[in-house]
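First comes the structure, then the notes that go with it.
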Protein chains: 2
Amino acid sequence: MKKKFTRKNSIQDIAEVLQLSAATISRVLNNHPHVHETTRSKVMAMVEQVGYKRNAMASGLRTNKTNSIGLIVPKVSMYIHAEIITIIQNGLHTQGYNLIICQSNDSVEMEKDLCQTLYASRVDAVIAASTLFTTDFSHFDILTDNNVPVIFYDRVPVDPYPACIIRGDDFHGAYLATSHLIELGCKSIAYISGPPVSNIYIDRLAGFKKAMTQNRLPIVKEWLFYHELDADNARKSLHRLFESKPYPDAIFAGNDVTAIAALGFAREKGIAVPGELKIVGYSNDPRSSIVTPSITTVDQFPARIANQIVTELLKILENRNSDVDIEYTQVTIPVQLIRRMST
Amino acid sequence: MKKKFTRKNSIQDIAEVLQLSAATISRVLNNHPHVHETTRSKVMAMVEQVGYKRNAMASGLRTNKTNSIGLIVPKVSMYIHAEIITIIQNGLHTQGYNLIICQSNDSVEMEKDLCQTLYASRVDAVIAASTLFTTDFSHFDILTDNNVPVIFYDRVPVDPYPACIIRGDDFHGAYLATSHLIELGCKSIAYISGPPVSNIYIDRLAGFKKAMTQNRLPIVKEWLFYHELDADNARKSLHRLFESKPYPDAIFAGNDVTAIAALGFAREKGIAVPGELKIVGYSNDPRSSIVTPSITTVDQFPARIANQIVTELLKILENRNSDVDIEYTQVTIPVQLIRRMST
DNA sequence: TTTATTTACTCAAACGATTTCGGAAATATT
DNA sequence: AATATTTCCGAAATCGTTTGAGTAAATAAA
């Protein structure tokens, strides 16, 4: 019978007990001026005592502000996103915003649903890294059309879109990685990466090609693989790649999971890394440094991306109701090659 | 000047256009009976046309139901939680609930804040894996006191708490792991694990001790280490452990990150694994299988935990307003030893 | 034809917090 | 002492949706 809890959870209830009006309670709670110090402390005491907590729905309905930001990521477990989540959450938390983390699981359908839900809950802004397969970004329109600012990062719209865009320099990253392999004497380089549909893989492919052609190396069609970058898919491609000679002397993988899979495959086949085969990954996932040999990769500086997102977001939220026109900033964060034992 | 969007985003606006009352629109949207087919389709068409989306705040305020579930995890990047997030989200999504993922970052303060925020947004229920340092669970009271059901998993309250509890069999897992090492002939086993404050580490410690004493092996105090289980802390403990002989012949690590750190340390010191030193981890993190040698570990079956959570949650939400008394189910999911090359 | 019943809809009151407007009391100014 | 100003607080409207009560029209039953 403990179900009957003291239903002291509205501003009205507190007002009644203290013989005040709800308006006064609200003013105290929002630090408005023109409230007598005596009543203020009386109210605070009662609020404390009954454990009152503001109903965010009622408040948000009235003020048209939720103090919460939606975040859509493909998978929370991916290194870059996990890093970014942590930093963004801390950054926003100190400013009184809370982060609603959502996972699209790389499904466009889910991403659509999440846009709808986030709009329905009237978040103040949305941060998003899209699905690998999102080419049509129109499901984000419900947000932008209704004045909900959107910030894309990492996986961003390829075509112009009214949103802030923060990305890594994928072109240069791939260029650096490929050039590194070429400098080491590699002549036949295989490329296993994501479908060139998402900006990150379009750019990485372009960077790869640039380095190859610049060095007059052939781009062999049979050595280019595009698919979702998980271990299973990687193994399939690797099998195809080593079905018949000549073998490539290097692999540039679109992410570290694929690079690690390549390493495992090489070990099984008795191919020496880096002796016979050099491998470069992408993202500087911590996993790339715990395997033997450790894998050369490209650092994307997720912390810098995250901080940039927070900065831009706070700027946008500040100018929210002012007449300042929203600028759709585009920022590219530089990358860095991390040389390890696999090359 | 595109700021002036057609403000057709309330039920009232649609009602006005169609010369109907808001009530009717609402009834259509909620599939209520007693609405003429003609009007129903007229309304649906208009809703579609103007891209109307229900305001979750207004709806929630009225119905006292948000259709969203809060989830608090220490870190979204941890393998077990990442797995569980994905499964829970999918499970709830099909039932029309959406998941609000929050990360406490293993900070008790943040966890407290998250409880407050989730209560403020009046989620229908909360799922939580606590901080490593949460011994006092009273900040969850704001939820339970106000009839918000709470389900704990993995890291759960040690003392009785009015919530559903779903946990892995940490005691048995540690017992299995330690017994396995003993069966392989290990006599001096070091234990590096989390502070025995959180249930998972209390239980794992107990399981370790049980196996040791059962086999009349001494538990050496200097070989027991308790701290947050990241790579840096692990290395410190390993240094202490191998400061002077005699060296242990096995290490049971509280998680796979620590086990991997031990592996790296052993390689640096030229200690052969599994020859001179055997290593067992915990969690069956995918990382434990990509290192060389691959690491023996304990699988916690995160998918089973997640499915159990979904089942319990839906049961609770179904009985929400019925007079059925809430049962605080306690479920323990079995574990399994995964033997690999490190032992 | 009169009386029930069903159908299709509207009215208006909630939900809980915020905020504009204005009133009363206290204080300051002339 | 009369007026102006400031300080503190309450009444009421509002945000957008839901829902019980009520109403008019259409259909069924008597």
Side-chain angles (χ1 to χ4, degrees), chain A residues 7-44 46-47 50-68 117 119-124 146-147 321, chain B residues 6-44 46-47 50-68 116-117 119-124 146-147 321:
Chain A
R7 240 189 101 286
K8 287 282 161 294
N9 34 23
S10 95
I11 225 175
Q12 304 278 358
D13 298 323
I14 296 189
E16 206 172 312
V17 175
L18 294 178
Q19 295 281 52
L20 287 167
S21 79
T24 306
I25 314 294
S26 175
R27 277 192 267 258
V28 170
L29 258 24
N30 292 301
N31 287 317
H32 278 213
H34 304 309
V35 177
H36 199 274
E37 198 43 55
T38 322
T39 42
R40 180 182 298 279
S41 50
K42 247 200 309 191
V43 170
M44 289 309 284
M46 184 57 67
V47 162
V50 304
Y52 167 83
K53 280 286 165 271
R54 164 199 277 112
N55 182 324
M57 285 182 290
S59 172
L61 181 59
R62 180 62 228 258
T63 58
N64 212 27
K65 200 166 178 320
T66 54
N67 284 310
S68 52
T117 317
Y119 172 65
S121 63
R122 300 295 192 272
V123 289
D124 293 342
N146 289 291
N147 260 10
N321 290 325
Chain B
T6 43
R7 241 189 100 286
K8 288 281 161 297
N9 35 23
S10 93
I11 227 175
Q12 304 278 359
D13 298 323
I14 295 187
E16 207 172 310
V17 176
L18 295 179
Q19 296 280 53
L20 287 168
S21 79
T24 304
I25 314 295
S26 174
R27 293 212 163 86
V28 170
L29 258 23
N30 293 302
N31 288 317
H32 278 211
H34 303 308
V35 178
H36 199 274
E37 199 43 54
T38 322
T39 41
R40 179 183 299 280
S41 50
K42 249 199 309 191
V43 170
M44 289 309 283
M46 183 58 66
V47 162
V50 304
Y52 167 83
K53 279 287 164 273
R54 164 198 278 113
N55 182 324
M57 284 182 291
S59 172
L61 180 58
R62 180 62 228 256
T63 59
N64 212 26
K65 196 162 180 325
T66 54
N67 285 310
S68 52
Q116 311 256 343
T117 316
Y119 172 65
S121 63
R122 301 294 193 271
V123 290
D124 292 342
N146 289 290
N147 261 10
N321 290 325

Distance test, side-chain N/O of [X] to OP1/OP2 of [N], below 4.0 Å:
| X | N | answer |
| --- | --- | --- |
| B:Ser10 | D:dG16 | no |
| B:Ser21 | C:dT10 | yes |
| B:Thr63 | D:dT17 | no |

Considering all heavy atoms, the nearest A:Ile25-A:Ile11 contact: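 Looks like CG2-CG1, 3.5 Å.
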Closest approach of B:Val35 to B:Arg40 (non-hydrogen atoms, all atoms of both residues): CB-NH2, 3.8 Å
Atom-to-atom span, [atom1] of [X] to [atom2] of [N] - whole angstrom:
| X | N | atom1 | atom2 | value |
| --- | --- | --- | --- | --- |
| B:Asp13 | D:dC15 | CG | P | 10 Å |
| A:Lys65 | D:dC15 | NZ | C1' | 16 Å |
| B:Glu37 | C:dT7 | CD | P | 14 Å |
| A:Asn67 | C:dA17 | CG | P | 15 Å |
| B:Tyr52 | D:dG16 | OH | P | 10 Å |
| B:Gln12 | C:dA12 | CD | P | 13 Å |
| A:Leu61 | D:dA13 | CG | C1' | 13 Å |
| B:Ile11 | D:dC15 | CD1 | P | 14 Å |

5′-ward residue of the pair A:Leu29/B:Val35 relative to DNA chain C: B:Val35
Closest-nucleotide ordering on DNA chain C, the 5'-leading residue of B:Gln19 and B:Asn64: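 The residue mapped nearer the 5' terminus is B:Gln19.
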Base D:dG10 to side chain A:Arg27, donor-acceptor N/O within 3.5 Å cut-off: yes
Within-4.5 Å side-chain heavy-atom neighbours: A:Val28 and A:Thr39: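 Sidechains of A:Thr39 and A:Val28: no contact.
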Side chain of [X] (C-beta onward), nearest among [options]:
| X | options | result |
| --- | --- | --- |
| B:His34 | D:dT17, C:dT10, C:dA8 | C:dA8 |
| A:Ala23 | D:dC8, D:dT17, D:dG10 | D:dG10 |
| B:Thr24 | C:dA17, D:dG16, C:dC9 | C:dC9 |
| B:Ser26 | C:dC9, D:dG16, D:dT19 | D:dT19 |
| B:Ala58 | D:dT19, D:dT17, C:dT7 | D:dT17 |

Whether over 12 other heavy atoms sit under 6.0 Å from B:Asn30 CG: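 Atom CG in B:Asn30 is packed in, count exceeds 12.
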Sugar-phosphate only, base, or nothing, as touched by B:Ile25 at under 4.0 Å among non-hydrogen atoms: nothing
Side chain B:Ser26, main chain B:Ala22, donor-acceptor under 3.5 Å: no
